[in-house]
Amino acid sequence: MTVTNTTDTKKDSGVYPPSPQFAATANTDAAIYEKAWSDRLAFWAEQADRLQWDKPYGQVLDWDTEEFVANWFVDGKLNVAVNCVDRHVAAGNGDRVAIHWEGEPGDSRSITYAQLLADVSRAANYFTELGLSAGDRVAIYMPMVPEAIVTMLACARLGLMHSVVFAGFSSAALRARIDDASAKLVVTTDGQYRRGQAAPLKGAVDEALGGETPNETVDHVLVVRRCGIDVDWTDGRDLWWDETVVAASPEHAPAAFDSEQPLFVLYTSGTTGKPKGIVHTSGGYLTQTAYTHHYVFDHKPGKDVYWCTADIGWVTGHSYIVYGPLANGATQVVYEGTPNSPNEHRHFEIIEKYGVSIYYTAPTLVRTFMKWGRAIPDAHDLSSIRLLGSVGEPINPEAWRWFREVLGRGEVPIVDTWWQTETGAIMIAPLPGVTAAKPGAAMTPLPGISANIVDDEANPVPRGGAEASGYLVLDQPWPSMLRGIWGDMERYRETYWSRYADRGWYFAGDGARYDADGDLWVLGRVDDVMNVSGHRISTAEVESALVGHTAVAEAAVVGAADETTGQGIVAFVILKSGASGGDDVVAELKAEVAREISPIAKPREVKIVPELPKTRSGKIMRRLLRDIAEGRELGDTSTLVDPKVFDAIKG
Ligand code: WTA
């Protein structure tokens with residue numbers, strides 16, 4: 001098998017057992033594993049009972065092994081927003097801060113649960129007034145402002161599905177997502193702050209909805225005034241948030257929805273150019289996000305100040321900014337901007353200002369902090385931190401140690417959490433205060449989760465040794481699992497369930513291995529999905545953006561190891577005859593990808609080449625291109641039509 005991401009897992013990276021002090025007050029102990037194993041479904045039922053159900057569920061799980069669609073907490077009814085907001089107010093915690101929001105230019109707002117309830121109710125009332133009803137889709141294209149979270153919760157309250165589109169995506173990417181889900185409402189802002197500048201955002205929505213064939217599903221565009229910049233206006237379609245939602249009643253009577261009521265669709269990259277709309281539902285998703293947030297982060301409501309640095313445009317923001325923490329009544333920091341606005345001290349100032357105790361981020365940011373140097377964090381009092389978390393890609397042991405040493409005083413637990421948009425919640429991670437951690441290892445499936453590493457023939461791989469790597473599979477259904485790909489159940493079954501169809505195992509698309517102790521190390525994607533700064537980007541998506549340019553005849557894209565971003569995108573491009581291959585065209589092609597998809601998908605390098613290496617059956621040999629991109633000796637070229645191609649490419 002080929003593993004596209006290289007983590008240095010060979011070095012002895014050490015074992016870090018939990019400290020007795022942490023263990024003494026941890027939310028759980030080792031018995032939780034046995035309990036989960038002795039009766040997995042009873043264990044999940046116990047986790048579901050953390051939620052408030054309007055109608056109790058009957059059966060815990062109904063698992064369709066033909067269609068691979070799960071029904072968790074059958075016939076139960078609940079309201080997700082009530083669970084995230086109302087019930088904390090009802091329990092007397094209305095004055096607790098839900099969100100310490102920190103704007104990029106330095107403005108800030110602290111929003112209590114009682115205020116959040118009023119805001120969510122206003123939005124729910126206004127969305128109802130707009131004629132939206134349960135099952136309708138709402139696209140959210142917003143920076144990290146509180147109204148984005150309010151909109152998500154208002155959708156949940158009404159049984160509407162939200163489709164959050166990262167505000168860094170292009171208007172073309174937004175249009176594709178709006179069309180695929182037939183969204184009726186788009187919620188956006190006039191602009192967004194990026195490194196001190198107000199950049200327009202609403203204009204991208206106008207562009208997305210217009211064009212040669214104007215969109216026909218969107219009735220309204222609701223605009224939050226964030227930057228106070230001028231926007232074009234379409235009367236009848238466009239509405240200002242502060243003239244509508246803000247004026248609506250702060251009281252709203254919630255309905256109860258089925259446990260399987262769709263909650264959201266979130267698009268993620270797959271192996272083809274077309275992103276997949278991953279569908280999640282209510283009861284199981286909320287159960288597992290709340291459960292994992294409680295145990296993996298050892299979260300203590302009313303005491304901890306929690307900060308997940310993700311953007312709500314990604315699944316980490318959905319599960320660990322919105323649903324998990326709010327279901328648990330957390331007090332959290334939400335930050336609008338980039339870590340270096342106005343300078344590299346920003347995150348550490350925020351940690352100091354709010355006394356952040358749990359800090360959950362991505363390896364790429366840890367490596368960026370390393371590059372900036374430890375003098376920056378050392379200039380701040382970070383003593384409030386008691387737990388660190390990592391997500392998005394394998395964390396290299398060096399970054400892991402630095403993270404613990406510099407942000408965690410060499411003593412706090414680090415939880416390296418493996419999961420995916422599709423899994424909805426954390427699946428594999430150490431339990432702080434309970435299990436040991438090893439730098440670079442996701443360690444152990446959580447209680448209630450069953451994973452395995454197998455070869456092509458479904459045989460489990462052995463522990464330890466050189467041949468121990470294989471494919472990561474999830475061999476039992478879990479509550480927050482995806483329920484499908486929006487509008488394409490065939491692709492859903494094909495992508496995730498066809499590889500081990502007769503066993504009913506979910507194929508994660510990641511390579512993994514067990515070390516000699518039986519601890520699990522995730523190695524990276526085994527498909528054509530790249531991981532750049534923790535963002536999933538498919539090679540096909542970038543290739544199709546490149547070939548969309550008039551000068552390009554053919555393009556092949558690979559993810560090459562990158563010191564900071566994990567992988568960087570390297571494109572090999574054949575120009576059409578007559579097109580010239582200077583610096584201009586390289587810059588132009590990079591800009592084209594940023595325009596078509598997003599700046600996050602911009603290639604690090606574009607190599608203009610005369611030919612691409614292909615097998616006799618015409619398949620591009622990406623493995624060889626990766627070797628070139630990473631400056632390695634070429635691997636096996638025996639199946640190549642014309643090995644001389646390489647001299648031309650390298651030259
Ligand atoms: C990778 C993000 C190793 C993996 C939550 C997975 C990781 C993909 C880890 C999902 C980790 C995420 N260790 N690899 N702790 N966390 N990945 O859908 O390749 O954006 O398949 O979800 O990121 O990315 P996604």
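Atoms within each ligand, like the ligands themselves, are counted from 1 in listed order. The chain is numbered in sequence order, starting from 1.
Heavy atoms of G392 come nearer than 4.0 angstrom to ligand 1 in at least one pair. Residue contacts with ligand 1 include W419, since one of its heavy atoms falls under 4.0 Å from the ligand.
Considering all non-hydrogen atoms of both residues, Q567 and V529 come closest at OE1-O, 4.5 Å.
Considering backbone and side-chain atoms alike, T268 places every N or O at 3.5 Å or more from each N or O of ligand 1. The shortest N or O to N or O distance between T316 and ligand 1 is not under 3.5 Å. No N or O atom of E422 sits closer than 3.5 Å to an N or O atom of ligand 1.
Of all the heavy atoms of I395, none lies under 4.0 Å from any atom of ligand 1, so neither backbone nor side chain is involved. Only the backbone of E393 comes within 4.0 Å of ligand 1, counting heavy atoms alone; no side-chain atom from C-beta on gets that close.
For the pair R493 and W497, the cation-pi criterion (under 6.0 Å, within 45° of the ring axis) is not fulfilled.
In summary, the side chains of S390 and Y360 do not present any donor paired with an acceptor at a separation below 3.5 Å, with no hydrogens or angles considered. With hydrogens and angles left out, the side-chain atoms of D180 and Y267 include a donor and acceptor closer than 3.5 Å. Remark: the N328 side chain and the Y323 side chain contain no N/O donor-acceptor pair separated by less than 3.5 Å. Between the side chains of S282 and Q261, no donor-acceptor pair of N or O atoms lies under 3.5 Å.
Atoms of ligand 1 lying under 4.0 Å from any heavy atom of V391, numbered from 1 in the order shown and given with element: 5 (C). If you number the atoms of ligand 1 from 1 as listed, the ones under 4.0 Å from a heavy atom of T417 come out as 9 (C), 11 (C), 15 (N), 16 (N). Near V522, meaning under 4.0 Å from any of its heavy atoms, are these atoms of ligand 1: 3 (C), 14 (N). Of all atoms in ligand 1, listed by their number and element, those nearer than 4.0 Å to a heavy atom of V315 are 5 (C), 22 (O).
Atom 3 (C) of ligand 1 has as its closest protein heavy atom P394 N, 3.1 Å. Nearest protein neighbour of atom 24 (O) of ligand 1, counting heavy atoms only, is R536 CD, 3.1 Å.
Nearest to atom 21 (O) of ligand 1 by heavy-atom distance, out of T421, D510, N531, V529, is D510.
Side-chain contact between L482 and V279: absent, with no pair of heavy atoms (C-beta onward) separated by less than 4.5 Å.
Taking the six-membered ring for Trp and the full ring otherwise, the centers of F43 and Y291 sit less than 6.0 Å from each other.
Between F297 and Y320, the two ring planes are perpendicular [angle over 60°; tilted spans 30° to 60°].
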